[in-house]
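Since the model is a prediction, treat every value here as computed from it, not as a measurement. Convention: sequence-line order gives letters A, B, ...; per-chain numbering from 1.
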Amino acid sequence: MRRSQLFIKTKKQAPADETAKNAQLLIRAGYIHKEMAGVYSYLPLGKIVIEKISQIVREEMNKIGGLEVLMSTLQNKEIWEITGRWDDKKVDNWFKTKLANGTDVGVGLTHEEPLINAIKNFVSSYKDLPIYPYQIQTKFRNELRAKSGLMRGREFLMKDLYSFSRSQKEHDKFYNDIAPNAYFEVYRRLDLGDITYKTFASGGYFSKFSLEFQTLSEVGEDTIYLDKTKRLAVNKEVYSDEVLNDLGLSKDGLEEVKAVEVGNIFPLGSGYSDALGLYFTDEHGQRQSVIMGCYGIGVSRLAGLLAEHFADERGLVWPVSVAPYAVYLACLEDKPEVKKLSDSVYSELTSAGISVLYDDRDERPGEKFADADLLGMPLRLIVSEKSIAGGGLELKSRTKDDTQIVPADSVKQLIVDRLSGLV
RNA sequence: CGGGGAUUGGCGCAGUUGGCUAGCGCGCCGCGUUUGGGACGCGGAGGUCGGAGGUUCGAGUCCUCUAUCCCCGACCA
């Protein structure tokens, strides 16, 4: 991508109406645009980040048998009334609206009911189960108070997977396997693996506990009690002697820390499926309940957390796995020799499959350096008379201060090596 | 939803006890000089002060209502 064709402009100053670091940086760098409190649009670079996170989540869900769907945003009131969740007294953060003819409709905030209703047409035998449909979709929740930029919006991108199992045992196996096999794999690929912990939290209507995935962060909304050696935590909301006892944790080994909930999984039992009439017939011709679970990952929240967590005083720092472009290539001077080398390196890297944001603008060097830092691509390549005199191009890592001059003919290989080292 | 703060060109801000054509920085347009860490000079464009109502000879400055944004709390992925 040529920077001259990318319509965004960076800003020196943070917007006055944001205090959250993630929102300030992402807006300054032109990744997102704020529409209103808790509602953000994704501009080209932000869209790529969101897509890259989504793709990682998608790959990991597919590996464990997930099947991607896309449910509707508009919700039919009738099926929500069956489970009682249309009632504002029970679910208080619905966005509700009306059709032209006056019919009430909801704007989707989760999707158990409609998904059960949809698959009911196809599930009737034990041979039809288990199934694990999921989607990556925008959720709408009418929060009383949006805050912290992308971390808590009224509209946010979320992956929600739902498991439909034939027995508690079958359910338990999937439920217990999904954390190590899929969730932690996602967080590892986002470079958050080391600071993300399985956390016991309140279970809602159908079970004693749910599991949350909490990433340590000073800006987190949750307080958890963490046993680092066991890599296990308890959310403050269920923290008690009894719970610690249940989980085999001792108060002495726990530290109180702030964390961001980047995922959660709930056992649902058969409450929703029974209510909506989703059953299957077993091998013996008996009607059986379908045991459900739901499994969320906040995709846009993760984007905000990554921005917040890895940034330094000069700007964003993206992990290689989600960076919009691997390389920020800046042509420093409007001189034929410099331009020619920049252009040729740009096309060489691009055709080798390395994504490059090529700063070909007629701007001063200082501005390009500042932008390279602010935008946060993992590697920076500079072409200038100075670099050419030194023997080629200047390569620098976003997170390190040292630079090295590399000959033009070995740039591609060196970048490939550097990137694989960073992954 | 309770408490606190804020709202003035695209962005960040100043604007005294109400007083004359509402300023500054960034950004933008033009010309010139510059070119390794967000350059400089000269010349421009752009706001009616969140909105409505009121007090006053006169309101960005005072009063009332209202909208929006941020923070703390409660609630929530």
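Separation of the P atoms belonging to B:rG27 and B:rU66 is 41 Å when rounded to the nearest angstrom. Of the P atoms belonging to B:rA14 and B:rU8, the separation is 10 Å, rounded to the nearest Å. Remark: the separation of the C1' atoms in B:rU17 and B:rU64 is 23 Å, to the nearest Å. B:rG47 and B:rC24 have their P atoms separated by 15 Å, with the value rounded to a whole Å. Between B:rU56 and B:rG18, the distance separating the two P atoms is 16 Å to the nearest Å. On the C1' atoms, B:rA22 is 34 Å away from B:rG3, given to the nearest whole Å. B:rG2 and B:rU21 have their C1' atoms separated by 46 Å, given to the nearest Å. Comparing the P positions of B:rC13 and B:rG9 gives a spacing of 11 Å, expressed to the nearest Å.
The pair A:Glu256-A:Lys236 fails the salt-bridge criterion, with no side-chain N (NZ, NE, NH1 or NH2) lying under 4.0 Å from an Asp/Glu carboxylate O. A salt bridge does not link A:Glu333 with A:Lys339: every distance from a Lys NZ or Arg NE/NH1/NH2 to an Asp or Glu carboxylate oxygen is 4.0 Å or more. Between A:Glu363 and A:Arg3, no side-chain nitrogen of the basic residue sits less than 4.0 Å from a carboxylate oxygen of the acidic one, so the salt-bridge criterion is not met. With respect to the salt-bridge test (charged N to carboxylate O, under 4.0 angstrom), the residues A:Glu367 and A:Arg364 do not qualify. For A:Lys208 and A:Asp246, the salt-bridge test passes: some basic side-chain N is under 4.0 Å from an acidic carboxylate O. Between A:Glu51 and A:Lys47, at least one side-chain nitrogen of the basic residue sits less than 4.0 Å from a carboxylate oxygen of the acidic one, meeting the salt-bridge criterion. Remark: A:Lys251 engages A:Asp241 in a salt bridge, criterion side-chain N to carboxylate O under 4.0 Å.
Taking atom CD1 of residue A:Ile27 and atom P of nucleotide B:rC11, one finds them 12 Å apart after rounding to whole Å. Rounded to an integer number of Å, the gap from A:Lys12 NZ to B:rC24 C1' is 15 Å. Counting to the nearest Å, the P atom of B:rU35 and the CZ atom of A:Phe369 are 15 Å from each other. Computed from coordinates, the A:Leu302 CG to B:rA77 C1' distance equals 11 Å when rounded to whole Å. In this structure, the CD atom of A:Gln24 is 13 Å from the C1' atom of B:rC71, given to the nearest Å.
In the set B:rA77, B:rG12, B:rC69, the nucleotide with an atom closest to the side chain of A:Asn264 is B:rA77. Here the side chain of A:Leu332 is nearest to one of B:rG36, B:rC1, B:rC13, namely B:rG36. Counting only heavy atoms from C-beta on, A:Arg314 has its side chain closest to B:rG37 among B:rC71, B:rG38, B:rG37. Distances from the side chain of A:Asp17 to the nucleotides B:rU35, B:rC13, B:rC69 place B:rC69 closest.
Mapping A:Ile382 and A:Gly298 onto RNA chain B by nearest heavy atom places A:Ile382 closer to the 5' end of the strand. Residue whose closest nucleotide on RNA chain B sits further toward the 5' end, between A:Gly38 and A:Asp222: A:Gly38.
A centroid separation of 6.0 Å or more is found between the aromatic rings of A:Tyr325 and A:Trp318. Checked against the 6.0 Å centroid threshold, A:Tyr197 and A:Phe213 do not count as a close aromatic pair.
Within the structure, every side-chain polar atom (N or O) of A:Lys11 is placed at least 4.0 Å from both OP1 and OP2 of B:rC28. Taking 4.0 angstrom as the limit, A:Thr19 places a side-chain polar atom (N or O) nearer than this to OP1 or OP2 of B:rC71. Within the 4.0 Å cut-off from OP1 or OP2 of B:rA77, not a single side-chain nitrogen or oxygen of A:Arg154 is found.
Within the 4.0 angstrom heavy-atom criterion, base atoms lie near A:Asp371. Residue contacts for A:Glu212: at a heavy-atom cut-off of 4.0 Å it reaches no nucleic acid atom on any strand shown. Here A:Asp373 lies in heavy-atom contact (under 4.0 Å) with a base. Within the 4.0 angstrom heavy-atom criterion, only backbone atoms of the sugar-phosphate kind lie near A:Lys34; the bases stay farther away. No contact: A:Thr110 has no heavy atom under 4.0 Å from any strand. Residue A:Glu221 is classed as a base contact, given a heavy-atom separation below 4.0 Å to a base. Within 4.0 Å (heavy atoms only), A:Ile297 reaches no atom of the nucleic acid at all. Heavy atoms of A:Gly153 sit under 4.0 angstrom from at least one base atom.
If you check distances only, the side chain of A:Arg152 does reach the base of B:rC75 with a donor-acceptor pair under 3.5 Å. One N or O donor and one acceptor, one from the side chain of A:Arg380 and one from the base of B:rG37, sit under 3.5 Å apart. The base of B:rG37 is not paired with the side chain of A:Glu367 by any donor and acceptor separated by under 3.5 Å.
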Extract from the structure each pairing of a protein N or O with an N or O of nucleotides 32-34 of chain B at less than 3.5 Å, listing the distance.
residue: B:rU34; atom: O2; partner: A:Arg364; partner atom: NH1; Å: 2.5

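The residue from A:Val411, A:Val356, A:Ile415, A:Val383 that alone fulfils the side chain to side chain contact (heavy atoms under 4.5 Å, CB included) condition with A:Val345 is A:Val411.
Within the shown strands, nothing qualifies as a pairing partner of B:rU55 under the Watson-Crick or G-U definition with both distances less than 3.5 Å.
A stacked arrangement is assigned to A:Phe156 and the six-membered base ring of B:rA77, with a centre-to-centre distance below 5.5 Å and an interplanar angle below 30°.
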